[in-house]
Amino acid sequence: MNVIEITAFGAPDVLRLGERPAPIEGLGEVLIRVAASGVNRPDVLQRTGNYPVPAGASDIPGLEVAGEIVSGDAQAMAAAGFKIGDRVCALVAGGGYAELCVAPVGQCLPVPAGLSDVEAASLPETFFTVWSNVFDRARLQAGETLLIQGGSSGIGVTAIQMAKALGATVLVTAGSDDKCAACLALGADHAINYKSSDFVAELKALTNGRGVDVILDMVAGSYVAREVECLAEDGRLVIIGLQGGIKAEINAGLVLRKRLTVTGSTLRPRSIEFKTAIAKALKDRVWPLLASAAIKPVIHSTFAAADAAKAHTLMESNQHVGKIVLTW
Ligand SMILES: NC(=O)c1ccc[n+]([C@@H]2O[C@H](COP(=O)([O-])OP(=O)(O)OC[C@H]3O[C@@H](n4cnc5c(N)ncnc54)[C@H](OP(=O)(O)O)[C@@H]3O)[C@@H](O)[C@H]2O)c1
């Protein structure tokens with residue numbers, strides 16, 4: 001089968017079209033003929049040597065696919081309500097940039113009604129990550145306020161729509177006025193251009209000094225101290241990315257006085273059981289919102305898989321809003 005390989009750690013042109021033997025599914029797994037593969041920032045980190053592949057996962061990049069089930073563990077498929085020929089999207093721990101991909105049955109979800117393969121391939125990584133972090137770890141409730149750092153990212157466009165659909169007020173930061181406008185068009189209540197204004201001061205003004213209940217952070221570094229300032233009493237900060245660095249110095253007094261929670265997680269190395277539980281929650285709570293178009297995939301651009309290097313170059317240029325997808 002054709003795959004996109006990381007031939008060495010480095011710039012986007014280390015991504016090359018190659019050939020590998022087709023993978024063989026095992027117990028509890030299906031084999032998917034991939035129509036489209038989503039691109040995520042963790043793929044860029046893997047390509048540059050900054051995100052090691054978890055034990056047992058494919059070294060081929062790619063954490064999400066959509067396509068057709070071509071074979072699989074009959075018993076597991078029947079138990080999950082799938083059959084050969086079904087269109088699915090799946091979260092995988094690697095191997096997504098390939099014409100064929102093995103996925104645990106529990107990490108597959110049906111392609112929501114009306115969505116194309118490209119749209120479906122854009123869903124799993126950000127939907128699993130946002131659900132797990134914003135709604136499970138940080139326990140965002142209807143009526144609460146969420147700040148999303150990087151609102152126009154693949155993660156951000158999912159978090160905006162999911163949080164709005166489930167009844168939260170949503171504030172975002174983004175690095176340009178155009179990106180702020182895109183976030184507002186997706187339903188965000190307020191967007192702060194963090195390059196032209198101080199997000200701490202703006203957020204305090206917007207919330208009458210109260211602060212927000214939950215912050216989804218993909219920056220960390222010096223942002224953590226400022227985020228601790230932005231949280232309301234009993235606020236929760238959930239860190240999912242380290243684009244601003246791994247070290248943070250915070251005012252621990254604010255953590256005590258406001259009874260804050262600082263947490264974070266990374267999805268890829270978690271167990272199949274853990275991811276299966278997220279898939280079930282998404283199917284019950286979020287897939288109906290995709291079917292009714294209350295939540296829509298946001299596709300910035302698609303590339304033929306052979307042009308994966310161009311897709312990574314675009315992602316690293318930070319010009320995109322939403323998702324970049326490869327097609328086979
Ligand atoms: N923990 C997990 O399980 C998990 C899973 C998936 C992704 N992630 C992480 O989530 C992040 C987003 O991933 P993605 O695939 O959605 O990538 P993406 O679309 O490339 O988004 C990256 C975003 O970061 C924003 N950004 C960079 N510096 C910023 C700053 N100082 N303040 C605010 N925003 C800033 C950029 O926006 P501007 O251009 O506006 O600056 C851009 O929108 C990445 O850090 C990724 O590693 C974590």
Side-chain angles (χ1 to χ4, degrees), residues 3-18 36-53 58-65 92-98 118 121-126 129-130 148-160 172-183 186 191 193-196 216-223 239-246 266-268 297-328:
V3 304
I4 300 300
E5 294 173 310
I6 299 173
T7 53
F9 294 139
D13 64 1
V14 302
L15 294 175
R16 304 263 173 79
L17 190 64
S37 314
V39 176
N40 294 282
R41 187 64 66 150
D43 309 346
V44 171
L45 298 177
Q46 181 177 339
R47 194 205 74 222
T48 54
N50 293 306
Y51 196 11
V53 174
S58 168
D59 66 315
I60 298 168
L63 301 175
E64 59 187 356
V65 296
V92 291
Y97 291 10
V118 163
S122 78
L123 303 176
E125 176 68 9
T126 66
T129 300
V130 170
I148 303 163
Q149 303 284 18
S152 66
S153 62
I155 290 279
V157 298
T158 297
I160 292 170
V172 303
T173 60
S176 72
D177 290 345
D178 285 350
K179 286 185 170 188
C180 285
C183 294
L186 285 169
N193 180 340
Y194 71 86
K195 289 187 177 154
S196 59
L216 177 65
D217 178 29
M218 57 181 71
V219 181
S222 64
Y223 266 38
I239 301 170
I240 61 160
L242 303 167
Q243 297 180 89
I246 58 168
T266 180
L267 179 66
R268 192 177 186 184
V298 180
I299 309 297
H300 180 88
S301 42
T302 60
F303 292 85
D307 289 329
K310 288 185 188 161
H312 276 216
T313 301
L314 171 61
M315 179 161 273
E316 286 175 283
S317 78
N318 270 335
Q319 297 304 305
H320 61 293
V321 171
K323 297 280 306 198
I324 301 167
V325 178
L326 306 176
T327 56
W328 291 94

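Sequential numbering from 1 along the given sequence is applied to the chain's residues.
Remark: side-chain polar atoms of Glu64 are paired, donor with acceptor, to backbone N or O of Glu125 under 3.5 angstrom. Proximity of a side-chain donor or acceptor of Asp217 to a complementary backbone N or O of Ala220 within less than 3.5 Å is detected. Using a distance-only test at 3.5 Å, with no hydrogens or angles considered, no donor-acceptor pair links the side chain of Gln46 to the main chain of Val44. Side chain of His300 to main chain of Ile324: no donor-acceptor pair is present (N/O by atom type, distance under 3.5 Å, no hydrogens or angles). Not a single donor-acceptor pair under 3.5 Å links the side chain of Thr126 to the backbone N or O of Thr158. In terms of modelled atom types and a separation under 3.5 Å, the side chain of Thr302 and the main chain of Leu326 share no donor-acceptor contact. Not one N or O on the side chain of Ser122 forms a donor-acceptor pair closer than 3.5 Å with the backbone of Pro297. In this structure, Arg268 contributes its side chain and Ala93 its backbone to a donor-acceptor pair below 3.5 Å.
In summary, the side chains of Asn50 and Thr48 do present a donor paired with an acceptor at a separation below 3.5 Å, with no hydrogens or angles considered.
The shortest distance between side-chain heavy atoms of Arg47 and Phe9 does not fall below 4.5 Å.
Residues meeting the side-chain contact (heavy atoms from CB on, under 4.5 Å) test with Ser196, sequence neighbours left out: Asn193.
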**Asked** Is there a side-chain hydrogen bond (donor to acceptor under 3.5 Å, both in side chains) between Tyr97 and Asp43 once you walk through the steps?
**Response** CA-CA 10 Å; Tyr97 291 10; Asp43 309 346; 2.6 Å; yes
